Amino acid sequence: MSRIASSRPLTALVHRDALAHNLRRVREAAPTARVLAVVKANAYGHGLITVARALVEADGFGVLGLDEAVRLREAGFAHPILLLEGPFAAEDLVEAARLGLAIVVHSEEQLSMLETTPLTRPLDVFLKVNTGMNRLGFAPEAFAAARARLLASQRVGRITCMTHFATADEPAGLGAQFARFRALIGATMPFSAANSAALLRYPETHGDWVRPGIMLYGASPFADVSAAALGLRPAMSLVSRIIAVQRLRRGDAVGYGASFVASDDMRVGIVACGYADGYPRHAGTGTPVLVAGQRSRTVGRVSMDMLCVDLTNLPDAGVGTPVTLWGQGLPVEEVAQAAGTISYELLTGRAERVPLVEA
Ligand SMILES: *Cc1c(COP(=O)(O)O)cnc(C)c1O
């Protein structure tokens with residue numbers, strides 16, 4: 001690995017105080033539940049270990065792969081860690097036992113794997129039932145039998161019933177999913193059901209473990225409510241600088257495809273950030289951007305390493321002027337909306353070449 005750090009100005013700042021603040025918001029919203037901080041996908045692009053340190057007060061962590069669990073254990077985190085999709089192979093079970101992880105069991109294949117793999121210690125299991133998302137989980141009719149087999153297997157510690165909602169963030173709400181879940185598990189079994197949206201809107205879903213992801217990173221799970229209105233603070237700011245300035249005459253175009261044509265003389269700033277950094281190429285002319293803290297807009301197509309911003313009302317902006325692509329002062333949801341996507345995709349899509357810097 002090169003020891004020469006790039007001096008390209010594009011950086012993803014990770015605001016540790018914002019992460020800690022957002023966790024406090026989770027506690028306020030769900031005061032009786034334990035908090036499983038979801039840190040899959042490299043903590044939604046924010047850096048697994050940085051985030052885990054900032055969220056050390058969480059009661060546990062939710063990850064996708066064993067590699068993430070190993071990194072957490074090696075960094076000294078003794079928290080409960082849940083493999084959110086469970087084991088993919090029998091070896092995963094052996095490793096999960098070695099690392100003291102909890103696992104999701106959502107399928108017949110995983111259940112028989114558990115019944116037949118010798119383990120050094122019992123595993124805590126989140127038994128997942130499909131209540132309508134139709135992705136992972138046992139059918140409600142198969143749930144009781146699956147639970148009985150877990151109990152009989154002698155390989156299982158605590159069992160927590162689990163489900164995942166498809167529309168907790170939408171006007172449709174939980175639909176029939178939570179009622180179906182409750183009918184199945186009764187009043188006494190421990191359960192985990194709430195993602196960020198359900199955590200914020202449906203207290204009845206809190207149960208024993210809430211599983212917030214996006215809200216910890218300071219983005220709103222709802223299309224119609226801002227993160228600020230929910231008391232959340234952005235945990236990542238994608239920042240860069242202007243590296244060149246062009247003066248366009250009326251009728252001049254900028255960028256590939258000449259898709260933007262100046263209707264008047266104007267200045268544009270060329271910013272070090274492109275789609276190879278994870279900035280969405282689908283963000284067309286007019287996508288909001290902050291230049292020297294002031295709102296402006298992108299113009300023309302986003303290219304691989306650069307994008308262009310309108311400097312019309314920014315006479316003092318020039319080479320070196322700071323630009324915020326999203327984060328503090330510019331909610332990532334607004335950029336996502338302009339690009340026809342969601343904050344989750346932009347945050348998790350930060351490219352490896354964009355350094356994370358703790359702030
Ligand atoms: C990713 C994930 C979550 C977190 O969802 P958010 O919408 O980001 O809060 C919760 N539960 C499971 C099973 C997940 O995979």
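All ligand and atom numbering here is 1-based and tracks the order in the structure. Predicted, not measured: the structure shown is a model, and the values here were computed from it. Heavy-atom basis, side chains included; hydrogens, waters and symmetry copies ignored.
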Is the CD atom of Glu115 crowded by more than 12 outside heavy atoms at less than 6.0 Å?
-> yes

Before accepting this row, confirm whether a basic side-chain N of the pair Asp277/Arg350 lies closer than 4.0 Å to the acidic partner's carboxylate O.
-> no

Which of the atoms of ligand 1 are close to Arg211, meaning less than 4.0 Å from one of its heavy atoms?
-> 3 (C), 4 (C), 9 (O), 10 (C), 11 (N), 12 (C), 13 (C)

I would like to know whether Tyr217 and Tyr44 meet ring-ring contact (aromatic ring centres under 6.0 Å, His included); could you show each step before the answer?
-> CA-CA 8 Å; Tyr217 305 101; Tyr44 288 44; 4.6 Å; yes

A student checking ligand 1 against Met162 at a 4.0 Å heavy-atom cut-off should list atoms 13 (C)

Between Leu84 and ligand 1, does any nitrogen or oxygen pair lie at a separation below 3.5 Å?
-> no

Among Thr131, Asn130, Thr205, which one satisfies side-chain hydrogen bond (donor to acceptor under 3.5 Å, both in side chains) with Thr163?
-> Thr131

Is it the case that more than 12 heavy atoms not belonging to Arg353 sit under 6.0 Å from its CZ atom?
-> yes

Under the side-chain contact (heavy atoms from CB on, under 4.5 Å) test, which residues partner Glu204, sequence neighbours left out?
-> Leu174, Phe178, Tyr202

Who's the nearest protein heavy-atom neighbour of atom 7 (O) of ligand 1, and how far?
-> Tyr344 OH, 2.7 Å

Crowded around Phe88 CZ? As in, over 12 foreign heavy atoms under 6.0 Å?
-> yes

Of the side chain and backbone of His164, name the one, both, or neither that has a heavy atom under 4.0 Å from an atom of ligand 1.
-> side chain

What pairs with Arg25 under salt bridge (charged side-chain N to carboxylate O under 4.0 Å, His left out), at least two apart in sequence or on another chain?
-> Glu28

Answer yes or no: does an N/O atom from Ile214 fall short of 3.5 Å to an N/O atom of ligand 1?
-> yes

Considering only protein heavy atoms, which is closest to atom 8 (O) of ligand 1, and at what distance to one decimal place?
-> Tyr44 OH, 2.6 Å

So is Lys128 polar-close to ligand 1, meaning N/O to N/O under 3.5 Å?
-> no

How far is atom 9 (O) of ligand 1 from its nearest protein heavy atom, and which residue and atom is that?
-> Ser196 OG, 2.5 Å

With heavy atoms under 4.0 Å as the rule, classify the contact between Met215 and ligand 1 as side chain, backbone, both or neither.
-> neither

Of the side chain and backbone of Lys40, name the one, both, or neither that has a heavy atom under 4.0 Å from an atom of ligand 1.
-> side chain

